[in-house]
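Whatever order the structure lists them in is the order used to number ligands and atoms, beginning at 1. Just so we're clear, the structure is a prediction, and the values are computed from it rather than from any experiment.
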Amino acid sequence: MDYDIICTGSGITVLSYVLSLLKKDPTKRVLIIEKHRLVGGYSTCFTRPNQDSILDVSLHKLTGMGKNGNLRKLLESYGMLSELQMVYPDVMFMASTEKGKIHFHHDMSSLIEALKNYCDEDNMLALDDFFSDVMTYGYDSYMQHEILMGNYEPDFKRLRFAHKNLKGITVYDKLKEKFKNSLLREMIAVPCIYVGAFPEQASYLYFLHVWYASFFNRTAYPTSGSQGISDFFRKEIEKLGGTFKLRETVEKIHLSSDGTRCEKIETHKATYTANKFVFNTSHEYVLSLMNQRERECIHLEQDQLPEIANSTTTLYIILNEAPEKLGLTVEEMIILSPDCDMAKSYRDRARANPQDAALNEKAYWELSTIEVTNYHLLAPNHGKVIVINVLDRIEHWPERKTQPYKEKKLRVQSLILKRLIDHFPRVRDAIKYVEVASPKTYKRYTNNTNGSGFGYLVSGKSARIPLKLCDNIQIMSQWVSGGGYEATIAFGHMSSQMEE
Ligand SMILES: Cc1cc2nc3c(=O)[nH]c(=O)nc-3n(C[C@H](O)[C@H](O)[C@H](O)COP(=O)(O)OP(=O)(O)OC[C@H]3O[C@@H](n4cnc5c(N)ncnc54)[C@H](O)[C@@H]3O)c2cc1C
């Protein structure tokens, strides 16, 4: 065999898996094949000619970076925190509503104080109740990695209650049950965006854990951008003898005749053999590298898998003035939906008519809540950059490079910029450069199904997500861990520790 393990793709899950594996057993011969010249997948940065700025493909915040955060502990154990400088924003986000702006602080008393303006007495009680859910069920859920590693023993009665009563209910339904005020509901539901979901799609229990991880366990951003994280992993992996082959695309998988093992993989340059093959991609993508007979051997039907999370449309914007001087005063701003119940009903209709461009554009671009990051406050050396992310679906986007595609990009650009300018008017005259990445761009760049940046939807519906496709093919990506740096890095680490 050429290698013990060959990984296809160098996204963050694989980088974490390989580094902790090689730390545990440096004799393992590991190869990582990556189609780009940079490692990291979504965890990469890029530049544009004459723009003198660095743009981050995805990362705007690492969750779990507080003192007891899972991610902090892991990055410390990798030695990353002594090498990369981190910025720890004081405010989680500033929500911009038609009534004004409200700061969501990391500490609970300031947060409650800020939310009081939107609460009557009933809402205040409901708010206490919600925070109690975050600090109990959200906390237990967040500790799942530690539970699996044998480092934390939960209250099993509480855990059972949560799984029975809170997993199968959506954020939308639960918050509607708790709060009459729809603006309050939409503000509290914002962290759904961090897992590529809308409130009506996400499990309340999963959401509580995201809340705990992001609000009460602090967030951080490396001044090096996400590329710094990926490059750190690459350097450490190479030090321990791991090999990277960049600009090489895996094009074909060859299974044994009985379909139980992968015998080799083929790139456009060479063929490789290994004892084990790890794929940093979706199940669907792995199957697409097999022939029909091989796919049948795997016995994995598409409808057995959970629904795919939303993808993203992104506007990368370079300004000629520091964004904080233009009203974008904190690291993250949320432009809230003007009417969350109407937005939901449009999204329900859009999901039933995924190819209806006008309906989908209205539902996702015009009515839904969107996220704006001020990168200048996070990494000033990277330029006066802001980035806007909008959850979107791939189905209503035409083929890349066609005229309808180009026109659609211009439409999303002008609509989203209008929303930005409505909330932050001083930005209007400072825009120097805008670039749009659509779900199709993300799909082409990472090969993720539908261009999703978060894997499957965390809907709480029971579904079996297979970790292995046959004896020696393992999936190692957001499609098994759940989306986000914390979940993927922790999953990569845990998988290496469970390996013989
Ligand atoms: C816009 C956006 C913003 C986000 N913001 C955040 C955030 O702020 N915080 C957070 O925690 N999470 C965020 N996420 C989610 C997070 O980025 C992802 O969950 C995570 O990076 C996925 O990592 P992965 O290991 O699954 O691999 P991916 O990043 O999907 O990488 C897969 C890799 O495999 C390579 N590859 C695929 N097929 C082949 C092939 N055939 N041959 C060779 N190479 C191949 C690709 O080139 C790619 O490098 C965001 C996602 C998006 C889309």
Side-chain angles (χ1 to χ4, degrees), residues 6-18 31-44 55-65 71 93 191 193-196 210 213-214 219-222 225-226 229-230 233 244-253 265-269 272 278-282 285-286 288-289 309-316 331-332 371 373 375 378 387-392 437-439 441-456 475-492 495:
I6 295 179
C7 304
T8 296
S10 68
I12 207 73
T13 329
V14 152
L15 293 175
S16 171
Y17 164 71
V18 174
L31 170 68
I32 301 176
I33 302 176
E34 168 56 55
K35 72 180 177 126
H36 294 292
R37 68 182 174 84
L38 292 172
V39 300
Y42 280 121
S43 181
T44 47
L55 305 162
D56 203 312
V57 170
S58 78
L59 180 66
H60 52 277
K61 57 166 61 95
L62 297 168
T63 59
M65 289 297 286
L71 187 57
F93 57 75
I193 295 181
Y194 303 155
V195 288
V210 180
S214 28
T219 61
Y221 182 81
S226 66
I229 298 180
S230 302
F233 274 116
F244 286 85
K245 287 196 186 281
L246 303 179
R247 290 188 165 186
E248 196 162 340
T249 303
V250 174
E251 291 178 338
K252 207 162 171 5
I253 291 171
I265 55 168
E266 216 178 298
T267 71
H268 61 286
K269 290 184 182 166
Y272 300 95
V278 165
F279 283 84
N280 185 212
T281 65
S282 67
Y285 181 75
V286 179
S288 77
L289 299 176
N310 301 286
S311 14
T312 318
T313 288
T314 304
L315 263 67
Y316 299 95
E331 290 78 1
E332 184 175 53
E371 187 267 342
T373 301
Y375 278 94
L378 296 168
V387 170
I388 308 184
N389 282 310
V390 186
L391 292 186
D392 202 352
S438 77
T441 319
Y442 284 118
K443 183 173 179 191
R444 185 186 58 89
Y445 186 65
T446 63
N447 286 345
N448 275 290
T449 306
N450 288 5
S452 164
F454 311 92
Y456 296 113
I475 308 286
M476 182 77 60
S477 68
Q478 59 178 2
W479 295 89
V480 285
S481 64
Y485 284 68
E486 189 170 14
T488 49
I489 291 176
F491 184 85
S495 305

List every atom of ligand 1 that sits less than 4.0 Å from any heavy atom of [X], numbering the atoms from 1 in the order shown and giving each element.
X	result
Asn448	30 (O)
Leu59	7 (C), 8 (O), 9 (N)
Gly453	15 (C), 16 (C), 18 (C), 19 (O), 51 (C), 53 (C)
Gly41	29 (O), 31 (O), 48 (C), 49 (O)
Ile33	43 (C), 44 (N)
Ser477	26 (O)
Gly483	19 (O)
His36	47 (O)

So, 4.0 Å and heavy atoms of [X]: is ligand 1 close enough to count as a contact?
X	result
Tyr285	yes
Glu248	yes
Thr63	no

Which bit of [X] is near ligand 1, meaning a heavy atom under 4.0 Å away: side chain, backbone, both or neither?
X	value
Thr281	side chain
Asn447	side chain
Asn389	side chain
Asn280	both
Tyr445	backbone

Worksheet item: Are the ring centres of Tyr42 and Tyr442 closer than 6.0 Å?
Response: yes
Discussion item. Is there a polar contact between ligand 1 and Gln478, counting only N or O atoms under 3.5 Å apart?
Written reply: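 Yes - when backbone and side-chain N and O of Gln478 are compared with those of ligand 1, one distance drops under 3.5 Å.
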Discussion item. Geometry only, no angles: is Tyr442 polar-contacting ligand 1 at N/O separations under 3.5 Å?
Written reply: no
